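Everything below concerns the one structure shown next.
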Protein chains: 2
Amino acid sequence: MSDLAKLAGVSKATVSRALSGSELINPATREKIQALAKQYNYRLNTQARNFRLKESLTITVIIPSAESAKWQISDPFFLELLGSISVCLMEKGHEMLLSAVDFHLPDKTSGLSKINSDGIIVIGQSYIHKGLNEYARSHPQLVVWGARMEDQDYCCVGGDNLRGGLLATQHLIERGCKHIAIIGDREVPEGNLRYQGYLRALQDAGIERNPALEISIGSQKNEGYDATLLLLSRGVKFDGIFLLSDALAMASISALDEHGIAVPKDVAIVGYDDISLARYYTPSITSVHQDREIGGRLLVEKLLQLIDGQEVESFTMPTNLVVRKSSKKTTQATVTQHPADNRE
Amino acid sequence: MSDLAKLAGVSKATVSRALSGSELINPATREKIQALAKQYNYRLNTQARNFRLKESLTITVIIPSAESAKWQISDPFFLELLGSISVCLMEKGHEMLLSAVDFHLPDKTSGLSKINSDGIIVIGQSYIHKGLNEYARSHPQLVVWGARMEDQDYCCVGGDNLRGGLLATQHLIERGCKHIAIIGDREVPEGNLRYQGYLRALQDAGIERNPALEISIGSQKNEGYDATLLLLSRGVKFDGIFLLSDALAMASISALDEHGIAVPKDVAIVGYDDISLARYYTPSITSVHQDREIGGRLLVEKLLQLIDGQEVESFTMPTNLVVRKSSKKTTQATVTQHPADNRE
DNA sequence: TTGAAAGCGCTAACAA
DNA sequence: TTGTTAGCGCTTTCAA
């Protein structure tokens with residue numbers, strides 16, 4: 001920069017002002033300097049600038065990774081949300097630092113405090129709601145995609161999971177299902193709310209809950225597959241399954257298919273998230289839609305407001321069901337399998 | 001830091017040395033200072049440190065975004081590779097800056113030079129091979145996932161696309177297919193090589209190439225769907241399709257299914273990449289496997305060597321076919337559709 | 001083994 | 001409108 005200053009015959013300060021497009025500078029000088037900068041292919045040292053300004057223009061996005069397969073970034077929906085966040089951040093002139101954190105590790109949120117950026121977006125509360133609460137008290141520059149909780153000290157954006165679970169289950173009931181299984185991770189707040197919606201729908205319809213139809217697992221595809229096999233092995237009747245994510249739904253359909261059980265003929269399937277592939281699966285998957293574009297935008301905007309020192313409210317996005325083939329009504333049938341293997 | 005120095009009754013320099021675990025310091029002093037730092041929850045200012053050291057410990061990963069849907073980060077395989085890269089980078093103590101760039105834009109690679117990090121990993125050459133070459137000449141801290149090219153001035157890691165295309169097509173031929181369509185993006189180097197493999201397999205088997213069976217499109221799911229409809233509308237006979245990615249394969253199967261064409265009974269399908277979902281699609285998808293874990297690790301290691309000033313060679317990873325149901329032999333059948341709509 | 005001091009490249013008071 | 005100057009928080013010579 002001092003070189004450039006010499007070349008232009010002005011001081012460093014003037015160059016700095018010219019390059020940052022300051023108001024209080026002679027337009028002629030500014031253009032001269034900018035031309036010179038371009039000519040010599042000079043670029044501001046962002047590190048120095050950020051250091052000086054005590055800002056990084058960088059946002060850290062944390063996405064939970066799957067414990068079992070660390071190199072595999074979790075849920076496709078989160079990835080699609082990530083795409084939306086990435087675009088918004090870019091529009092606002094921020095960089096995106098991506099960090100896949102395994103929240104199953106003992107230290108859990110301890111990694112958060114090592115982060116050095118203007119703000120943090122956590123995609124999915126995972127198992128760390130309390131940790132987030134604690135962290136947020138000292139570092140308010142945090143927004144989280146997830147479920148609204150009673151005791152929530154951080155800003156949270158997410159879908160209406162209770163309603164989503166309700167819609168999904170009601171749909172299966174309306175479609176004629178009497179024995180509706182539910183498979184997914186109920187340990188995480190979002191999953192739990194979807195489960196509550198499921199319970200409520202059953203209750204509203206006067207259907208008694210059957211614990212043998214409920215399986216709480218992680219969110220990996222193989223777990224969806226295995227859980228479906230487990231369900232089959234229980235020998236309990238079921239004619240519909242509500243899966244707490246589309247990835248699980250796909251794996252489940254795959255498992256059913258391998259056992260000669262047809263979807264939707266024998267069993268109706270409803271997933272969650274309406275990931276882009278849901279429409280292109282065979283059969284296409286009925287799913288609870290969450291708008292990732294709006295979601296990502298909201299997360300970014302709220303975080304930026306937070307960084308700006310503004311007060312910010314959490315937001316729950318409306319949610320709707322997209323009906324596709326996997327739950328289409330056909331000639332009814334109910335599956336019973338291997339009543340032998342009847343452990344838990 | 002100066003506060004900490006006062007507390008410890010030493011100079012800033014000593015604190016700095018203690019915290020960086022320098023050799024030339026009294027172990028007693030070091031431990032005292034480290035204890036103090038922990039007690040007061042003091043952390044080094046990374047920005048200042050990086051600025052001083054002229055390093056960022058940050059690697060930028062560039063992943064091409066789909067032109068049509070900017071918020072949707074492209075191919076699932078790239079995402080899985082990204083996961084692997086992320087883990088390796090973390091292991092090596094680097095941060096990962098993620099940038100989704102639309103290489104269809106007119107400026108194309110111009111964005112690269114604005115990047116301010118220790119090195120760049122580009123996932124997929126996309127349409128910018130020349131731009132990468134040019135960039136690499138002045139900025140050698142660059143590795144690219146993609147295809148080996150004759151004139152390549154950058155370090156490149158990727159699968160053996162020619163062989164992959166060959167294996168996929170040979171498999172379809174062995175399985176009895178006589179009329180093998182190919183759908184995918186041949187504009188990008190990787191796609192083109194896979195296509196060359198396809199051509200060679202046909203040639204080896206003495207099957208004449210039929211341009212009506214070839215469709216070059218982008219890599220979005222809807223394009224795979226549309227391309228399949230286009231193929232059907234051409235009214236040309238086909239009993240197998242080689243799709244240049246698994247995402248396309250899924251969309252294609254979906255399109256066929258909607259037209260009452262069964263996979264693999266009527267048409268055999270082979271995809272590419274062996275993404276984790278391939279095994280859980282219905283039917284499960286035969287696909288050319290590329291090891292994302294090793295791939296990611298290689299990319300990171302080579303980049304770090306490059307940053308370290310070492311000479312680095314490009315590497316082509318071995319490639320193999322994973323056979324699943326989508327290409328399983330059944331009672332043979334050949335589809336002909338709508339010979340009416342025979343334009344193009 | 002430790003301290004004093006310089007300086008990384010930039011911005012922003014303050015002065016001119 | 002521009003220049004002078006100080007200083008962000010750290011590391012690292014060099015000297016003690």
Side-chain angles (χ1 to χ4, degrees), chain A residues 1-58 93-95 113-118 139 141 307-308, chain B residues 1-58 93-95 113-118 139 307:
Chain A
M1 181 182 239
S2 48
D3 296 354
L4 199 64
K6 268 176 218 156
L7 279 167
V10 296
S11 74
K12 285 198 307 179
T14 308
V15 174
S16 173
R17 282 189 276 253
L19 260 28
S20 65
S22 163
E23 292 298 307
L24 33 79
I25 193 177
N26 189 323
T29 336
R30 172 168 50 218
E31 274 161 38
K32 188 174 108 193
I33 294 175
Q34 284 179 342
L36 230 42
K38 181 172 271 178
Q39 185 189 335
Y40 287 91
N41 200 25
Y42 168 82
R43 359 198 78 274
L44 272 183
N45 179 328
T46 351
Q47 292 212 77
R49 176 177 210 279
N50 290 343
F51 167 53
R52 178 60 233 256
L53 263 8
K54 292 173 183 307
E55 66 177 14
S56 63
L57 289 182
T58 294
H94 286 258
E95 305 264 34
S113 46
K114 290 189 195 127
I115 289 169
N116 191 266
S117 59
D118 292 349
H139 307 256
Q141 295 80 9
I307 291 172
D308 197 37
Chain B
M1 183 182 234
S2 48
D3 295 355
L4 199 64
K6 267 175 219 158
L7 279 166
V10 296
S11 72
K12 284 195 308 179
T14 308
V15 174
S16 172
R17 282 190 275 253
L19 262 28
S20 65
S22 163
E23 294 297 308
L24 33 82
I25 193 176
N26 188 325
T29 335
R30 172 168 49 218
E31 273 162 40
K32 187 175 110 193
I33 294 175
Q34 284 179 344
L36 229 42
K38 181 172 269 178
Q39 186 188 336
Y40 287 90
N41 200 25
Y42 169 81
R43 2 197 77 273
L44 273 183
N45 179 327
T46 352
Q47 291 211 76
R49 186 195 148 85
N50 290 343
F51 166 53
R52 177 62 231 260
L53 263 11
K54 291 171 183 306
E55 66 177 14
S56 63
L57 289 182
T58 295
H94 285 257
E95 306 264 33
S113 45
K114 291 189 194 124
I115 289 169
N116 192 264
S117 58
D118 292 349
H139 306 255
I307 292 171

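Quick note on labels: first sequence line is chain A, next is B, and so on, each numbered from 1. All figures in this text were calculated on a predicted structure; none of them were measured in a lab.
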Check every strand shown and say whether B:L24 touches a base, only sugar-phosphate, or nothing at a heavy-atom separation below 4.0 Å.
->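 Answer is base: heavy atoms of B:L24 come under 4.0 Å of a base.
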Give one of base, sugar-phosphate or nothing for B:T29, where a contact means two heavy atoms less than 4.0 Å apart.
->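 Sugar-phosphate: the residue B:T29, judged by heavy atoms under 4.0 Å, touches backbone atoms but no base.
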Consider the side chain of [X], meaning its heavy atoms from C-beta on, and name the nucleotide among [options] that approaches it most closely.
X     : options              : answer
B:N45 : D:dG3, D:dG9, C:dC10 : D:dG9
A:A13 : D:dT4, C:dG3, D:dT1  : D:dT4
A:R52 : D:dT4, C:dT11, C:dT2 : C:dT11
A:N26 : C:dG9, D:dT2, D:dC10 : D:dT2
A:R17 : C:dG3, D:dG3, C:dG9  : D:dG3

Below 4.0 angstrom from OP1 or OP2 of [N], is there any side-chain N or O of [X]?
X     : N      : value
A:R49 : C:dT11 : yes
B:S16 : D:dC10 : no
B:K12 : D:dT12 : no
A:Y42 : C:dG9  : no
A:S11 : D:dT2  : no

Got a second to check how far B:H94's NE2 is from B:T58's OG1, nearest 0.5 Å?
->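 That separation rounds to 8.5 Å.
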So how far is it from B:L44 CG to B:L19 CG, rounded to the nearest 0.5 Å?
->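 Those atoms lie 5.0 Å apart.
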Without decimals, in angstroms, what is the distance between [X] [atom1] and [N] [atom2]?
X     : N      : atom1 : atom2 : answer
A:L19 : C:dG9  : CG    : P     : 15 Å
B:E23 : D:dT12 : CD    : P     : 14 Å
A:K6  : D:dT4  : NZ    : P     : 13 Å
B:I25 : C:dG3  : CD1   : C1'   : 12 Å
A:R30 : D:dT1  : CZ    : P     : 9 Å
A:Q47 : D:dC8  : CD    : C1'   : 14 Å
B:L4  : D:dC10 : CG    : P     : 10 Å
B:L53 : C:dG7  : CG    : P     : 18 Å

For A:R30 and A:S22, indicate whether the former's side chain and the latter's backbone hold a donor-acceptor pair under 3.5 Å.
->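 Side chain of A:R30 to backbone of A:S22: a pair is present.
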Decide yes or no for A:R52 and B:Q47: does some side-chain heavy atom of the first lie under 4.5 Å from some side-chain heavy atom of the second?
->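 No. Closest side-chain heavy atoms not under 4.5 Å.
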Identify, between B:G9 and B:K54, the residue whose nearest nucleotide on DNA chain C lies closer to the 5' end.
->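 Result of the comparison: B:G9.
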Ignoring hydrogens and angles, state whether a donor on the side chain of A:D118 or A:S56 is under 3.5 Å from an acceptor on the partner side chain.
->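 A pair is found: one side chain offers a donor N or O, the other an acceptor, under 3.5 Å apart.
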Closest heavy-atom pair and its distance - B:V15, B:A5 |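 Closest heavy-atom pair between B:V15 and B:A5: CG2-CA, 3.6 Å.
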